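This one's a predicted model, so the numbers in the text were calculated from it and none came from an experiment. Below, chains carry the letters A, B, ... as their sequence lines are ordered, and counting in each starts from 1.
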Amino acid sequence: MAIHERSLVEPERILRKERLVVDGVDVSGDWNLIILPRVINDYDLDFAKEIINSPDGKTINQCYQCSYCTASCPVHNYWDERYNPRHFIYLARLGLIDELQKRADVMWRCVSCHKCTHRCPKGVLVEEVLKVILRTMAKKGLIDEYPSKKFDKFFTESVLEYGRIEDGELLFGWIEKQGYKVFKDPILKKPIPFLGETPEWLKQLTIKPIKSMNIGFLVLNAKHMLFHPRTKNWSRFKQVLRKVMQEEGALSH
Amino acid sequence: MGVIGKRVAYYPGCSLEGAARAYDVSTRIVAKELGLELDYLEDYNCCGAMESKNVTFMGTMLLNARNMSLARKQGHNVIVAPCNGCSFSLQRAEYFLETDRAVFEKVNALLREGGVDPLDQIPQTYHILEWFYHEAGPQKVKEKTRKPLRGLKVANYYGCLYTRPHFYARTYAHAGGQEEEVRPRRRDTADDDEHPYYMNALLEAAGATSVEFEPMHTQCCGGPHSLSDEAVSEKFVMMILQTAKRNGADIIATECPLCHASLEMYRHRLMLKGVPDVDVPAAYFTQLLGLAFGYSANDVKLKDNLSDPLPVLKRLGLA
Ligand code: SF4
Ligand code: SF4
């Protein structure tokens, strides 16, 4: 017998017997497989409430568990079938935090492609809801730091500081965060490519434009790395932005 | 035709003023040739891309509302963005501002506090491809083509957020479980959800041939996780590149600086690893249109592309 969504059932709960006799009746053959019931001993209904009360998470209650989202999801289909948006919504609504925590290693992997949101027949903003679930878990300390959250924070802080981002700084800053030693010039404290440790692929990738001598492109990007493009008239707006983020508990310091 | 307006606010986004300079330059060239006018949005800020929205909801609304307010100040009702991420962010903000009164009022109060004019009206955002298609269209592109892209087989890559999700970009919003007609806006202009064709149509009008590319034309490239989740991005890009190559494409046409960067970066890494059939180069669709309009490879900054499409184009006598 096929088990649908096999990834949702823990191996310990699947009982398969060569010959199976129940109450004196031989049920071998098609009936030799049993999934043991699951015991729920802890749930937290406030968790769902918090999601429903946020403007981007309120559509969670419209979900009727059709799984169209999961069927569309590239992370589910091409990466790991344990990544299952429908299931995450189900668990969040029931407040089964420990079940969500078991999947913490895949939950952050959503690439925001919006196939789920696009196709949901009930108008659930699936991608948004999943991010709110993650955000809520992180806020309550129910999930450890995960790579995309680090990057999101890093990115947002750059926006907050300058009003704009700069690709080179983002790239090298991120590499530094991953543990590579990036060399910085002593005055402006900006990363200088090639002088520190750089992943091999990146070195080769950056050598290419140097070889084809595209001076204009190099100068422009070097200039931007040294003098980060800024939005003018930013300081007052930045304060408001900072205040809002503090209210939401989104700033680490 | 002609439903969006010939003169619009142009929100290039951070990327186009740095690493994706080629897209900016070629976009301006194409717009000029097609008789359309881009009014640069002065002093804009980052839209928050796909990252800020995971950190702060209100903050991201504010970032986008500030840009909308600047557009209003310059007298525009329409913003055009060449980046999938930027147009998505602005449309997302548009959606929440329009469907959630509380959000709208809070945002306006905060804008005032931050020294920015509050929004009297919410401008609508379009992707530049939609704008080109509706305001100029294949017919105009054909008229302007001096050097047809004859023999060039293109895989048109649209990425995720150009068509998705439909109710940020489309007619109605789902507010509180009810499907409400908010205002009849984008029904007539948005591309087909699952089978987008605007880029195919424009490039075909310029003489190129589109290769079969479904369903990879809207498959994610790893997008916001390009840097933070390399394993997944690499796999997605591999699927995209191999499909393009095996379907006979000479080149992949892109319409988003992030997709473009992701494809080029992982193409390079996959080639280093010796993965077969991944060597298709990428170019912005505006670069290809620019070439067709008679501009040189230098004019459209083809050398900026890390994946180097020049040899392929030279072989076909197009650059
Ligand atoms: S597609 Fe929508 S309704 Fe169906 S399971 Fe997913 S979120 Fe729920
Ligand atoms: S947005 Fe995330 S959850 Fe939705 S389909 Fe894409 S990867 Fe899957």
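For the residue pair Thr163(B) and Asp191(B), no side-chain donor N or O sits within less than 3.5 Å of a side-chain acceptor on the partner.
Ranked by non-hydrogen atom pairs under 4.5 Å with chain B, the options Leu125(A), Leu241(A), Asp152(A) are led by Asp152(A). With chain A as the partner, the residue from Gly13(B), Gly223(B), Gly115(B) showing the most heavy-atom pairs under 4.5 Å is Gly115(B). Listed options Glu128(A), Glu247(A), Lys131(A) were ranked by heavy-atom pairs under 4.5 angstrom with chain B; first place goes to Glu128(A). Of the residues considered (Asn61(A), Leu160(A), Thr156(A)), Thr156(A) shows the highest number of contacts with chain B, using heavy-atom pairs under 4.5 Å. The most heavy-atom pairs under 4.5 Å with chain B, out of Ile165(A), Thr231(A), Leu134(A), come from Thr231(A). Here Arg119(A) is the residue among Lys149(A), Arg119(A), Lys238(A) with the most heavy-atom pairs under 4.5 Å with chain B. Among the candidates Asn84(B), Leu63(B), Val116(B), the residue making the largest number of heavy-atom pairs closer than 4.5 Å to chain A is Leu63(B). Counting heavy-atom pairs under 4.5 Å between each of Ala102(B), Gly48(B), Gly114(B) and chain A puts Gly114(B) at the top. Contacts with chain A were tallied for Ala261(B), Ser228(B), Ala22(B); Ser228(B) has the most, counting heavy-atom pairs under 4.5 Å. With chain A as the partner, the residue from Ser15(B), Gly59(B), Gly18(B) showing the most heavy-atom pairs under 4.5 Å is Gly18(B). Interface remark: of the candidates Glu42(B), Arg92(B), Met61(B), Met50(B), Arg92(B) forms the most heavy-atom pairs closer than 4.5 Å to chain A.
Only the side chain of Leu161(B) comes within contact range of chain A, judged by heavy atoms closer than 4.5 Å. The parts of Val55(B) that come within reach of chain A are both its backbone and its side chain, each placing non-hydrogen atoms under 4.5 angstrom from that chain. Within the 4.5 angstrom heavy-atom criterion, only side-chain atoms of Met239(B), from C-beta onward, approach chain A. With a 4.5 Å cut-off on non-hydrogen atoms, Arg112(B) touches chain A through its backbone but not through its side chain. With a threshold of 4.5 angstrom between heavy atoms, Asn233(A) approaches chain B through its backbone and through its side chain. Interface residue Arg135(A): only side-chain heavy atoms are found under 4.5 Å from chain B. With a 4.5 Å cut-off on non-hydrogen atoms, Phe155(A) touches chain B through its side chain but not through its backbone. Interface residue Tyr44(B): backbone and side-chain heavy atoms are both found under 4.5 Å from chain A. Contact of Gln239(A) with chain B is not made at all, since no heavy-atom distance falls under 4.5 Å. Proximity to chain B (any heavy atom under 4.5 Å) is shown, for Lys232(A), by both the backbone and the side chain. The parts of Lys53(B) that come within reach of chain A are both its backbone and its side chain, each placing non-hydrogen atoms under 4.5 angstrom from that chain. Heavy atoms of Asn54(B) lying under 4.5 Å from chain A belong to its backbone as well as its side chain.
Under the 4.0 Å criterion applied to side-chain N and carboxylate O atoms, Lys140(A) and Glu50(A) are assigned as salt-bridge partners. Using a 4.0 Å cut-off between a side-chain N of Lys or Arg and a carboxylate O of Asp or Glu, Asp43(B) and Lys73(B) do not qualify as a salt bridge. Checked for salt-bridge contact, Arg21(B) and Asp24(B) miss the test: no charged N lies under 4.0 Å from a carboxylate O. The existence of a salt bridge linking Glu105(B) and Arg101(B) is confirmed by a sub-4.0 Å separation between a basic side-chain nitrogen and an acidic carboxylate oxygen. Look at Glu113(B) and Lys243(A) and you find a salt bridge, because one of the NZ, NE, NH1 or NH2 atoms lies within 4.0 Å of a carboxylate O, short of that distance.
Applying the salt bridge (charged side-chain N to carboxylate O under 4.0 Å, His left out) criterion to Lys235(B), with sequence neighbours excluded, gives no partner residue. Every residue two or more places apart in sequence or in another chain was checked for a salt bridge (charged side-chain N to carboxylate O under 4.0 Å, His left out) with Asp144(A), and none qualifies. Remark: Asp117(B) pairs with no residue by the salt bridge (charged side-chain N to carboxylate O under 4.0 Å, His left out) rule, at least two apart or across chains.
Relative orientation of the Trp234(A) and Phe237(A) rings is tilted, given thresholds of 30° and 60° on the angle between their planes.
Interatomic distance, Leu306(B) CG to Leu263(B) CG, rounded to the nearest 0.5 Å: 12.0 Å.
For the pairing with Cys69(A), the side chain to side chain contact (heavy atoms under 4.5 Å, CB included) check across Val124(A), Leu130(A), Val126(A) returns one residue only, Val126(A).
With Tyr11(B) contributing its side chain and Cys47(B) its backbone, the two residues share a donor-acceptor pair below 3.5 Å.
Here the two rings, on Phe88(A) and Tyr83(A), have centers that are under 6.0 Å apart. The six-membered or imidazole ring of Phe96(B) lies near that of Phe57(B), with a centre-to-centre distance under 6.0 Å. Remark: aromatic rings of His260(B) and Tyr23(B) are distant, center separation not under 6.0 Å.
Residues of residues 101-117 of chain A lying under 4.5 angstrom from chain B, judged on non-hydrogen atoms, are Trp108(A), Arg109(A), Cys110(A), Val111(A), Ser112(A), Cys113(A), His114(A), Lys115(A), Thr117(A) in numerical order.
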Open item on the list: Does Arg164(B) form a salt bridge (charged side-chain N to carboxylate O under 4.0 Å, His left out) with Glu127(A)? I'd like the steps, not just the answer.
Closed with: CA-CA 11 Å; Arg164(B) 291 192 295 266; Glu127(A) 190 264 0; over 6 Å; no
